[in-house]
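In what follows, a single structure is set out as structure tokens and then discussed.
All chains are named by letter (A, B, ...) in the order of the sequence lines, taking the proteins before the strands, and each is independently numbered beginning at 1. These numbers come from a predicted model, not from an experiment.
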Number of protein chains: 2
Amino acid sequence: MPKPTLVDVGREAGVSAITVSRALRSPEKVSEALRAKVEIAVKKLGYVPNQSASTLASNKSSSIVVMVPSISNNVFTDVLGGISDSLYGSRFNMQIGYTNYDSLEEERILRSFLNPTPSGVIISGIEQTPETKQMLENAGVPVVQIMDISEDPIDKIVGFSHDKAAETATQHLIDSGYKNIGFMGAQMDPRAQKRLAGFKKAIKANGELQEKSIAVTNKPSNVQLGGTLFGKLTSQFPECDAVLCNNDDLAIGVLFECQRRGIKVPEEFGICGFNDLGVSSETVPSVTSVSTNLREIGRLAGAMVIGKEDAPTDPIVDLSYHICVRESTRRS
Amino acid sequence: MPKPTLVDVGREAGVSAITVSRALRSPEKVSEALRAKVEIAVKKLGYVPNQSASTLASNKSSSIVVMVPSISNNVFTDVLGGISDSLYGSRFNMQIGYTNYDSLEEERILRSFLNPTPSGVIISGIEQTPETKQMLENAGVPVVQIMDISEDPIDKIVGFSHDKAAETATQHLIDSGYKNIGFMGAQMDPRAQKRLAGFKKAIKANGELQEKSIAVTNKPSNVQLGGTLFGKLTSQFPECDAVLCNNDDLAIGVLFECQRRGIKVPEEFGICGFNDLGVSSETVPSVTSVSTNLREIGRLAGAMVIGKEDAPTDPIVDLSYHICVRESTRRS
DNA sequence: ATCATAAATGATTGCGCAATCATTTTGCAA
DNA sequence: TTGCAAAATGATTGCGCAATCATTTATGAT
């Protein structure tokens, strides 16, 4: 038996197809009695709307397109979780695109996701290609950039300043009495570059920046890599006594490497992570990190893109950050 | 300017719309010259196919529906990564549904995702409702169950036996000389229940099972909870000298809690995790875990559902597991 | 009762594409 | 050349729904 359509439901309920459509989409526009009849018919036939037909007829899909660089990065799973929370129970569904940290891939995917026009777009970062920005502006739907902050968003933006966050974190290490602070980064995407810039700024404000104090790689971030980069950093910069890590994965990897080498944290070496991914607070010693409200970024972006009543009215939302000071930098 | 359609491309290229459609969908059926003309016209107009129209006309979408319990569980992000790898570059895209560990929610979501019919379905576990199974059988497309194993899949299945894995892991703890072994579990979904069953079986085979050796909760698994459950377990079962954890998160939480309490691992307490999520190998001491090929499960499921040439021919694929013995259980 | 107005419901049409069947062109053996 | 199959291309139609406009029915003031 073929899947029932609106016509079938209409026949069952003794009304026209378009009336059924209305009863389902805007129940306030039909009479109570009709709605009840339609509801019964829908249940009886097991009717499920055909999204494609609806999208084609209205030229508007009920998808919220979400563009993120990667699925395996905990940072983005947190954000996606927030968006998912926000959309739950609404009539919108998420369509996720993975750009693999590649702007052209992003443009390509987005182009296909924009036909037909979705109900909204959430996109990571502010470094889209000019073509991508143009496409998004022309789409005529809410666009929320996330993870970063800008005075001049495509439409709306929720995030925080990565360079300021890193600058503050670096200053915290300086204030904690560390003298030779290094920076360690993996997956050096534009936001990671900004964190590095913030680090450099803080160091320069307090003395001289040494190139050897920086160890970065474009490989994906993970705990093991933290240990590896620690080895690289301490061999090129032996006097190093603290490190700001681009991500908590690395920070935790550094902690474990210190434990393996018998280096005392925080006495001999200070560690500060980034994003406060949940494990940092549990390690022994616990690891200082920059908490960045990832889930909240997702939640707000979701609310803003579908125009929830509790969404912020300002198109620019700076969620800021705060340094969770823990044992790994508590020297005294 | 409105988005170009096949008709527009056809006009530009001097051919009919249907010919353009063919040139794009099955280029081997049209002449070389035509294909080139169409390609130029497509580029010039920036034509992007309208998925909805295509789906409606052919009554078949190019989506692969993937049903997973949760996005925030690392286990599933690994699996999703594998599926994503497998589908990359193909004409298929992923449509992800989050069931929140609820069979009825799963049924509801799936019902809406099956209209129009997708190109295939990947679904976690084997505990679908009868209605869900019926729907999937009727869909007439490849269905791959993942994460578990069964003699009687809906269509195909890729996974491993959770009870055997847990049984083997428990036996490993026994063989390592631990005498009072506990079990610790969070997010007690059906597969977690099977792991618990495997634990019980191994314990009973070597002596008597004590109810107090089990500490479980339905809360989502995380590192902090590992510490909490360790507290619960050791207070109800003080002679406990080793634990099998339902998930690596918990195992790592236990390790940290032992460090906080000054309990020596593995001498005084043995720890075995599950799923080998990547951090276990890096901690000090490193944590023994049951490696479960999560990414490979996803990769194979993707290959099987779209019928890649490198997909296994057998509909039942048992990927098994292996115990990664590390320092946390290496007593001697 | 009458009429004006609003509310409720219906008929028609087209969204962009692919399935189906029809037609034209090409290739090539006799 | 002729003929005929195969390849290439085209015309028509309908997928299921919602936008638009048309019609019917209910409501309520006079």
Checking all strands, does A:Asn50 fall into the base, sugar-phosphate, or nothing category for heavy-atom contacts under 4.0 angstrom?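 It contacts sugar-phosphate atoms only.
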
How is B:Val7 classified with respect to the nucleic acid when contacts are heavy atoms under 4.0 Å: base, sugar-phosphate, or nothing?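 No contact.
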
Just do the salt bridge (Lys or Arg N to Asp or Glu O under 4.0 Å) check on A:Glu127 and A:Lys133 with the steps written out, would you? CA-CA 9 Å; A:Glu127 278 80 14; A:Lys133 290 188 177 175; over 6 Å; no

Taking only the side-chain heavy atoms of [X] (C-beta and beyond), determine which of [options] contains the nearest atom.
X       : options               : value
A:Ala57 : D:dT9, D:dG16, D:dA19 : D:dG16
B:Val30 : D:dG16, D:dT9, C:dA18 : D:dT9
B:Ser31 : D:dC15, D:dA19, D:dT9 : D:dT9
B:Thr5  : C:dT9, C:dG16, D:dG10 : C:dG16
A:Leu6  : C:dA8, D:dC17, D:dA19 : D:dC17

For B:Ser84 and B:Met94, what are the C-alpha separation, side-chain angles and deciding distance, and is it a side-chain contact (heavy atoms from CB on, under 4.5 Å)? CA-CA 7 Å; B:Ser84 180; B:Met94 267 164 85; 4.0 Å; yes

Starting at [atom1] of [X] and ending at [atom2] of [N], how long is that distance when rounded to a whole Å?
X        : N      : atom1 : atom2 : value
A:Lys37  : C:dA8  : NZ    : C1'   : 12 Å
A:Lys3   : D:dC17 : NZ    : C1'   : 15 Å
A:Asn59  : C:dG16 : CG    : C1'   : 10 Å
B:Lys29  : C:dT20 : NZ    : P     : 11 Å
B:Asn115 : D:dC15 : CG    : P     : 14 Å
A:Leu24  : C:dA8  : CG    : P     : 16 Å
A:Leu56  : D:dA18 : CG    : P     : 11 Å
A:Gln51  : D:dA18 : CD    : P     : 9 Å

Closer than 4.0 Å, any side-chain N/O of [X] to the OP1 or OP2 of [N]?
X       : N      : value
A:Thr19 : C:dA8  : no
A:Arg22 : C:dA7  : no
A:Arg35 : C:dT9  : no
B:Ser21 : C:dA18 : yes
B:Ser16 : D:dT9  : no

Any side-chain donor-acceptor pair under 3.5 Å between B:Gln134 and B:Asn138?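 Yes - a donor-acceptor pair under 3.5 Å links their side chains.
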
Judged by each residue's nearest nucleotide on DNA chain D, which is more toward the 5′ side, B:Ile18 or A:Ser58?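 Here B:Ile18 is the residue nearer the 5' end.
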
Position toward the 5' end of DNA chain D (nearest nucleotide), B:Val20 or A:Pro49: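 Residue closer to the 5' terminus by nearest nucleotide: B:Val20.
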
Could you tell me the separation between the CD atom of B:Gln145 and the CG atom of B:Leu136, rounded to the nearest 0.5 Å?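 Reported to 0.5 Å precision, the distance equals 8.0 Å.
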
Separation between CG (A:Leu6) and OH (A:Tyr47), nearest 0.5 Å, reads 3.5 Å

Looking at A:Ile154, A:Thr129, A:Val121, A:Leu110, which one forms a side chain to side chain contact (heavy atoms under 4.5 Å, CB included) with A:Met135? A:Leu110

